[in-house]
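Computation of the quantities below employed the complete heavy-atom set of this structure, encompassing side-chain atoms and omitting hydrogens, waters and symmetry-equivalent molecules. Read the numbers this way: they start at 1 and go in the same order the structure lists the ligands and their atoms. Keep in mind that what you see is a predicted model, and the values were worked out from it rather than measured.
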Amino acid sequence: MLTELSAKKRAQELRKQLSEWSHQYYVMDQPTVEDVVYDKAYQELVGLEKKFPKIIVDDSPTQRVGGQVLSGFNKLNHVLPMLSLGDVFSKEELTEFDQRLHKTINDEFAYNCELKIDGLAISLVYENGLFVQGSTRGNGVVGEDITENLKTIKAIPLRLTEPVSIEVRGECYMPKRAFVELNAKREAEGKTVFANPRNAAAGSLRQLDTAITARRHLSTFIYYLMNPEKLGINKQSEALRKMSEWGFRINTESRVANTMADVDAYIDEYQEKRITLPYDIDGIVLKADPFSVQRIVGNTVKVPRWAIAYKFPPDEQETVVRQIEWTV
Ligand code: NMN
C-alpha cells in the first residue's frame, strides 16, 4: 500500500528527474530522453500529488501549468532601475562609443558581444535558490509583478543548482515558430493576429489567466546579474557562464571581442545569420566585459555608459517574418 511518506519520497525523486530532463530540453535545447519517458514520469507525479495533495511543493514541475486567475498586476519598485540601452545605427558611431570609453579607461579591455533579442525585459528574484518574484521592466523604476505568469515558462528555473540569493534580468521572447503557429491558430479562429513575435510575447506575458501564458511557448535568455562582484564574479562573460551553471537559459551566440575589428566581424556575421535564427533579434549589444570598467564609467540617468546597442536596419524585420511564414 502506498503511504503518504513513500509517495512523498517517490515524488521527490520524480521531481528531481523531471527537472533535470526539463532543463536539458528547455534550457540546453538538448533532450536526453524520449518524450514518452518524460510524460510517463510526469503523469506518475501528477497521480501522486492528486492522491496526496499535501505533498505538493511550490517548485514542483506540475505547478507550471498556470490556472491562477489574477485580478490585476501589483506594481513593484526595482531594487536597481532597469535601464534601457543607448543605440547606434552605424559602425562609425560604435567607434565613437569605444573612443569615449577609452578617454576614461586608459587600458585595454575586451567587449562582450551579445545578440539583442527582440522581446521584453524581465527581472527574476531568487532567495536561497528559489524563484520568488518576477517582474516586467515597466518604466524602468516601477514594474509589474508577473511572478505567476513567469512560473509557467519552462526555461525559467524554479530552483537553482545552488542556494544563492540573486536578482537576474533578461529577455522574454516568443520563438518565431511559436509565433507563426499562434497566429495561424488565431486566424483560423477569426481572432486578430499579432503584428510580430515581440507583441505576441508581450500579450502572452501580461495575461490575468496564467494558463493562457503557459500555452504560449515563451522562452527566455538571461543576460544580467545584479551585484556580481559581491559574488566574486568580475566579468560579464563570467557572469553568463555562472548563470548558465545555476540553471538559466543563456544565449550561446555571445562572444568576447578583444578588438573593434572582432566586434565588426561579429556584427557582419549576425546580420547575415539573423534570418536563420529561431528568434528575432534587432541588433547586437556591446558591453565592456570587465565589471571594473563598468563600475568606473557608470550610468547616465537613463542608460549605462559601458554598453551600447547596434541596431540593424528596421526594414529587414518584415522580411524575417515573411520568410518564416514560407518555411513553417
Ligand atoms: O508541459 P511539459 O511538461 O513541459 O511538456 C510539454 C511537452 O514537452 C510534452 O510533450 C513533453 O513530452 C515534452 N518534454 C519533453 C522532455 C524530454 O526530456 N524529452 C522534457 C520536457 C518536456
> Do F179 and F194 have ring centroids that are under 6.0 Å from one another?
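No; F179 has its ring centre 6.0 Å or more from that of F194.
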> Assert yes or no for the condition that the ring centre distance of H102 to F109 is strictly below 6.0 Å.
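For H102 and F109, the ring centres are under 6.0 Å apart.
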> Who clusters with M28? Use side-chain heavy atoms, under 4.5 angstrom, across I, L, V, M, F, W and Y, and order the result by chain and number.
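Grouped by the 4.5 Å side-chain rule, V27 form the rest of the cluster around M28.
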> I'd like the contact residues of ligand 1, where contact means a heavy atom below 4.0 Å.
W21, Y25, Y26, V33, E34, D35, Y38, D39, Y42, K154
> With a 4.0 Å cut-off on N to O distance, would you call K151 and E148 a salt bridge?
yes
> Both conditions, 6.0 Å and 45 degrees, for the charged tip of K273 above the ring of Y270: are they met here?
yes
> If you measure from the Lys or Arg side-chain nitrogens to the Asp or Glu carboxylate oxygens, is any gap between E189 and K185 under 4.0 Å?
yes
